[in-house]
There are 2 protein chains.
Amino acid sequence: MSLYTIAQASEEVDLTPYTLRYYEKEGLLPNVTKDSAGRRKYHDDDLQRIGFIKCLKGTGMSLKQIKEYGDLYEKGKAKFKERNAMLEEHREKILQEIKIQKKYLKMVEAKIEMKI
Amino acid sequence: MSLYTIAQASEEVDLTPYTLRYYEKEGLLPNVTKDSAGRRKYHDDDLQRIGFIKCLKGTGMSLKQIKEYGDLYEKGKAKFKERNAMLEEHREKILQEIKIQKKYLKMVEAKIEMKI
DNA sequence: TCTTGACTTAGAGTTAACTTTAACTGTTAG
DNA sequence: CTAACAGTTAAAGTTAACTCTAAGTCAAGA
């Protein structure tokens, strides 16, 4: 299959239809097409894009910044440098965050072991 | 030093005075005392507690749940089992989250390398 | 043909976690 | 003594990210 209704796409990416429409309204999904009756049709490309949005969001990037990244993406090669710079900066942020999570994990484990 | 004004505590734990008062209002800091003029005095215990609140919050626990944990903590030994069960469950959540973060990190790195 | 159900929109409502405001009080430096 | 300052409270305001409602459209099955 290569085309999805909003319900199917929703199922596929594990986001509600509300959220998918919201993301589109916010400009994060500029390429979702509609059929003759005005209903959204999601392509595999859209699902992949949503997958990457979830990745960025899941690592703490705001929708506003994700839109900025997406806007650069739409401009293609011309904005490649800027776009990759964003990703590289974000990569550092994720690495930092993993470090912090590991530190916090140790704190929780210490508290568990403390038995007080 | 062993006693801190709200400004000093704020500095120490890197949270605004607003946030410290907010946490207290929400019942997360039940042991903050006041001086004769009604001003908050933070003890080392309070700062430690705030530190652990930051740990729980930083690993995705809601203030509501953190309060539940704190309430169990206040009940001492009687609620030790429940309390530790919460922490052990949370530990699993953190481990899961670190896994997801690592997966997302790889996705971002792949995108960087993709150069498209 | 009628109804059911999945969709559409614009806009309102919700939630968590702060953050600020307004009005006030007590302490301290000049 | 007084002005500035650091704190106090209750309550209102803010923000991000949804989430839902209301009113309507369209296509497909009995």
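Each chain gets a letter, A, B and so on, in the order its sequence line appears, and its residues count up from 1.
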Engineer: Any chance you could measure A:Lys111, atom NZ, to B:Leu56, atom CG, to the nearest 0.5 Å?
Structural biologist: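 Result: 9.0 Å between the selected atoms.
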Engineer: Both B:Thr16 and A:Ala7 contact DNA chain C. Taking the nearest nucleotide for each, which residue is further toward the 5' end?
Structural biologist: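 Counting from the 5' end, the first nearest nucleotide belongs to A:Ala7.
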Engineer: Ignoring hydrogens and geometry beyond distance, is a side-chain donor-acceptor pair present between B:Gln96 and B:Glu92 at under 3.5 Å?
Structural biologist: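 Note: B:Gln96 and B:Glu92 side chains miss the donor-acceptor criterion.
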Engineer: Does A:Tyr73 belong to the same Ile/Leu/Val/Met/Phe/Trp/Tyr cluster as A:Phe80, with side-chain heavy atoms less than 4.5 Å apart forming each link?
Structural biologist: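 No, A:Tyr73 and A:Phe80 fall in different hydrophobic clusters.
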Engineer: Side chain of B:Ser36 only, please: which of C:dT20, C:dT27, D:dC26 is the nearest?
Structural biologist: C:dT27
Engineer: Please state how far atom OH in A:Tyr18 lies from atom P in C:dT9, giving the value in whole angstrom units.
Structural biologist: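 That distance rounds to 14 Å.
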Engineer: From C-beta outward on B:Lys34, which listed nucleotide comes closest to its side chain: D:dT19, C:dT27, D:dT9?
Structural biologist: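 Nearest to the side chain of B:Lys34 among the choices is D:dT9.
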Engineer: Given atom OH of B:Tyr42 and atom C1' of D:dT8, what is their separation to the nearest angstrom?
Structural biologist: 12 Å
Engineer: Think B:Thr19 has a side-chain N or O under 4.0 angstrom from the OP1 or OP2 of C:dT19?
Structural biologist: yes
Engineer: Have a look at B:Lys41 and tell me which of B:Ile6, B:Thr5, B:Val32 forms a side chain to side chain contact (heavy atoms under 4.5 Å, CB included) with it.
Structural biologist: B:Thr5
Engineer: What is the distance from CD1 of A:Ile6 to C1' of D:dC20, rounded to the nearest Å?
Structural biologist: 14 Å
Engineer: Verify the cluster assignment for A:Leu47 and A:Tyr18: are they in a single hydrophobic cluster under the rule of side-chain heavy atoms below 4.5 Å apart?
Structural biologist: no
Engineer: Select one nucleotide: of D:dG7, D:dT8, C:dT27, the one nearest the side-chain heavy atoms of B:Arg40.
Structural biologist: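 Looking only at heavy atoms from C-beta outward on B:Arg40, the closest nucleotide is D:dT8.
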Engineer: B:Glu26 CD to D:dT9 P: how many Å, rounded?
Structural biologist: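 About 14 Å, once rounded to whole Å.
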Engineer: Between A:Gly27 and A:Asp71, which heavy-atom pair has the shortest distance, and what is it?
Structural biologist: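 Shortest heavy-atom separation between A:Gly27 and A:Asp71 comes out as O-OD1, 4.5 Å.
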Engineer: Rounded to whole angstroms, how far apart are CG on B:Leu20 and P on D:dT9?
Structural biologist: 13 Å
Engineer: Looking at D:dC20, D:dA27, C:dC7, which one has an atom nearest to any side-chain atom of A:Thr5?
Structural biologist: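 That would be C:dC7.
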Engineer: Measure CG/A:Leu15 against P/D:dC18 and give the value in whole Å, please.
Structural biologist: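 One finds 8 Å between P of D:dC18 and CG of A:Leu15, rounded.
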Engineer: Could you go through nucleotides 15-17 of chain C and list every protein N or O atom that sits under 3.5 Å from one of its N or O atoms, giving the distance for each pair?
Structural biologist:
unit_1, atom_1, unit_2, atom_2, d
C:dA17, OP1, B:Leu63, N, 3.4
C:dA17, OP2, B:Leu63, N, 3.3

Engineer: Check whether any side-chain N or O of A:Arg39 sits under 4.0 Å from OP1 or OP2 of C:dA6, and answer yes or no.
Structural biologist: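 False: A:Arg39 side-chain N/O out of range (4.0 Å or more) of C:dA6 OP1/OP2.
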Engineer: What's the shortest heavy-atom distance between A:Leu15 and A:Leu20, and which atoms?
Structural biologist: CD1-CD2, 4.1 Å
Engineer: Rounded to the Å, how far apart are A:Arg21 CZ and C:dT9 C1'?
Structural biologist: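 The answer, rounded to whole Å, is 9 Å.
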Engineer: In this structure, how many angstroms lie between the C1' atom of C:dT8 and the CD atom of A:Glu24, rounded?
Structural biologist: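 Checked: the CD to C1' distance equals 11 Å.
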